[in-house]
Amino acid sequence: MLKVAMIGCGAICTSVLEILKNDADISVSCVIVGEAFRAAAQDTLARVAPQAKVVTTLAEAGERPDLLVECAGHSALAEHVIPALQQGIPCVVVSIGALSDTDIAAKLEAAAREGKTQVQLLSGAIGGIDALAAARIGGLDSVVYTGRKPANAWKDTPADGAFDLDALTEPTVIFEGSAGEAARLYPKNANVAATLSLAGVGLDKTQVRLIADPTSKENVHHVQASGAFGSFELTMRGRPLAANPKTSALTVYSVVRAIGNLAHAVAI
Ligand SMILES: NC(=O)C1=CN([C@@H]2O[C@H](COP(=O)(O)OP(=O)(O)OC[C@H]3O[C@@H](n4cnc5c(N)ncnc54)[C@H](O)[C@@H]3O)[C@@H](O)[C@H]2O)C=CC1
Ligand SMILES: O=C([O-])CC(=O)C(=O)O
């Protein structure tokens with residue numbers, strides 16, 4: 001039985017817990033939230049994971065998990081993931097955009113080395129990371145990413161104000177630049193850009209275009225990559241989560257897959 005601690009009790013975590021309820025090889029022992037979210041998290045866990053404790057730090061849980069799973073946000077890496085890695089607890093993370101801060105990326109790697117363990121960066125809402133990371137070994141020439149989401153997915157981002165999102169009638173480019181800049185400006189919408197960069201040609205060389213599309217109901221991720229291996233082109237048409245339109249449902253399944261691959265007899 002794999003004992004799992006989760007960070008965050010929002011859209012991704014709640015859906016993950018709902019699915020894991022039916023897996024006899026996995027037990028979620030605690031969910032880490034901010035102090036202000038304790039009561040809300042307790043209500044959620046009563047429904048989807050009654051065996052799990054709500055805590056504000058891993059230390060408060062008083063027991064060591066086999067795996068720590070981050071599905072919270074960028075700040076959770078410094079706050080919870082790095083200390084857990086230093087203690088030798090393996091971690092999987094979805095807030096890959098946090099690694100666009102080179103200081104956080106270096107600390108994450110150093111912490112995993114110190115704890116003689118590993119942090120796995122999940123593919124989340126995007127596919128093809130296996131192909132891209134393999135292609136990098138032969139040498140990549142270019143990686144171009146276009147992220148297209150419904151206009152409401154850009155609420156509370158720098159695009160909200162710079163553009164009148166409610167009044168858009170046609171697809172509008174709200175950002176064009178490097179993946180590093182996209183991840184810094186759009187932390188909740190550019191994790192895919194950061195993931196592609198880390199697997200591919202890096203944050204500076206990965207070209208990114210972000211589009212607010214009032215005609216779309218999907219989160220569409222388009223990737224073009226070329227190099228010594230040849231080339232590929234990928235389009236993912238992700239269904240957004242009802243609880244958070246910024247997040248594609250595939251992110252949830254990516255987390256469940258990663259946990260299952262560590263818990264089950266056969267991994268795929
Ligand atoms: N890699 C990928 O493809 C994707 C990654 N993400 C990442 O996943 C994160 C979570 O997504 P959702 O569940 O949809 O967001 P959400 O906003 O529904 O839930 C996040 C929850 O985490 C909590 N939280 C935030 N920072 C925390 C911290 N430092 N410690 C403890 N709890 C904390 C919040 O209070 C909230 O309850 C996003 O912020 C984004 O960074 C999201 C979508 C795709
Ligand atoms: O869930 C998605 O579609 C991708 C996403 O939010 C991100 O790249 O941060």
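Reckoned from all heavy atoms, side chains included, excluding hydrogens, waters and symmetry mates. Each ligand, and each atom within it, is numbered from 1 in the order the structure gives.
- Residue Ala72 holds the heavy atom nearest to atom 39 (O) of ligand 1 of all those in Gly10, Ser15, Ala72, Ala11.
- Distance CD/Gln207 to OG1/Thr146: 9.5 Å, rounded to 0.5 Å.
- Closer than 4.0 angstrom to ligand 2 by heavy atom are Ala125, Lys149, Lys188, Asn189, Ala190, Asn191, Val192, Asn219, His221, Lys246, Thr247, Ser248, Thr251, sorted by chain and number.
- A salt bridge does not link Arg47 to Asp43: none of the charged side-chain nitrogens sits closer than 4.0 Å to a carboxylate oxygen.
- Within the listing of ligand 1, atoms 41 (O) sit less than 4.0 angstrom from a heavy atom of His74.
- Of the candidates Ser123, Gly8, Ala78, Pro240, the one placing a heavy atom closest to atom 32 (N) of ligand 1 is Gly8.
- Only the side chain of Ile7 comes within 4.0 Å of ligand 1, counting heavy atoms alone; its backbone N, CA, C and O stay farther away.
- Heavy-atom proximity to Ala125, at under 4.0 Å, picks out these atoms of ligand 1: 2 (C), 3 (O).
- Within ligand 1, counting atoms from 1 as listed, the ones closer than 4.0 Å to a heavy atom of Ala76 are 28 (C), 29 (N).
- At a heavy-atom cutoff of 4.0 Å, ligand 1 is contacted by both the backbone and the side chain of Ile12.
- Taking every heavy atom of both residues into account, Gly127 and Leu234 meet most closely at O-CD2, 3.2 Å.
- Residue contacts with ligand 1 for Val94 involve both N, CA, C or O and side-chain atoms from C-beta outward (heavy atoms, distance under 4.0 Å).
- In terms of polar-atom proximity, defined here as any N/O pair under 3.5 Å, Asn244 does make such a contact with ligand 1.
- In this structure, Ser75 counts as a contact residue of ligand 1, since one of its heavy atoms falls inside 4.0 Å of the ligand.
- Checking side-chain atoms of Asp213 against main-chain N and O of Pro150 turns up no donor-acceptor pair under 3.5 Å.
- A donor-acceptor contact shorter than 3.5 Å is absent between the side chain of Asn219 and the backbone of Lys149.
- Among the atoms of Thr247, some N or O lies under 3.5 angstrom from an N or O of ligand 1.
- Counting heavy atoms from C-beta outward, His222 and Glu233 have side chains that approach closer than 4.5 Å.
- Counting only heavy atoms from C-beta outward, the side chains of Leu77 and Ser95 approach each other to under 4.5 Å.
- With ligand atoms numbered from 1 in the order given, ligand 1 contributes 1 (N), 2 (C), 4 (C), 5 (C), 6 (N), 7 (C), 40 (C), 41 (O) to contacts under 4.0 Å with heavy atoms of Asn191.
- Note that atom 34 (C) of ligand 1 has no protein non-hydrogen atoms nearby, at separations under 4.0 angstrom.
- Between the side chain of Trp154 and the main chain of Ile211, a donor-acceptor pair closer than 3.5 Å is present.
- Side-chain N or O atoms of His264 include one that pairs as donor or acceptor with a backbone N or O of Gly260 at under 3.5 Å.
- For ligand 1, the atoms closer than 4.0 angstrom to any heavy atom of Ser95 are 7 (C), 8 (O), 9 (C), 40 (C), 41 (O).
- Across Ala183 and Ala194, no two heavy atoms sit closer than the pair CB-CB, 4.3 Å.
- Near Phe37, with a cut-off below 4.0 Å to any heavy atom, the atoms of ligand 1 are 35 (O).
- Within the structure, the salt bridge (charged side-chain N to carboxylate O under 4.0 Å, His left out) test picks out the following pairs touching residues 20-42 (sequence neighbours left out): Glu35-Arg38, Arg38-Glu60.
- Residues satisfying the side-chain contact (heavy atoms from CB on, under 4.5 Å) test with Ala125, not counting sequence neighbours, are Val192, His221, Ser248, Thr251.
- Of all protein heavy atoms, the one closest to atom 44 (C) of ligand 1 is Thr251 OG1, 3.4 Å.
- With hydrogens and angles disregarded, no donor-acceptor distance shorter than 3.5 Å links the side chain of Lys205 to the backbone of Gly200.
- Not close to ligand 1: Glu70, with no non-hydrogen atom less than 4.0 angstrom away.
- The residue Lys246 has no part lying near ligand 1, judged by heavy-atom distances below 4.0 Å.
- With sequence neighbours excluded, no residue forms a side chain to side chain donor-acceptor pair (under 3.5 Å) with Gln42.
- Val255 places none of its side-chain heavy atoms less than 4.5 Å from the side chain of Ile19.
- Looking only at protein heavy atoms, the nearest one to atom 30 (N) of ligand 1 is His80 NE2, 3.4 Å.
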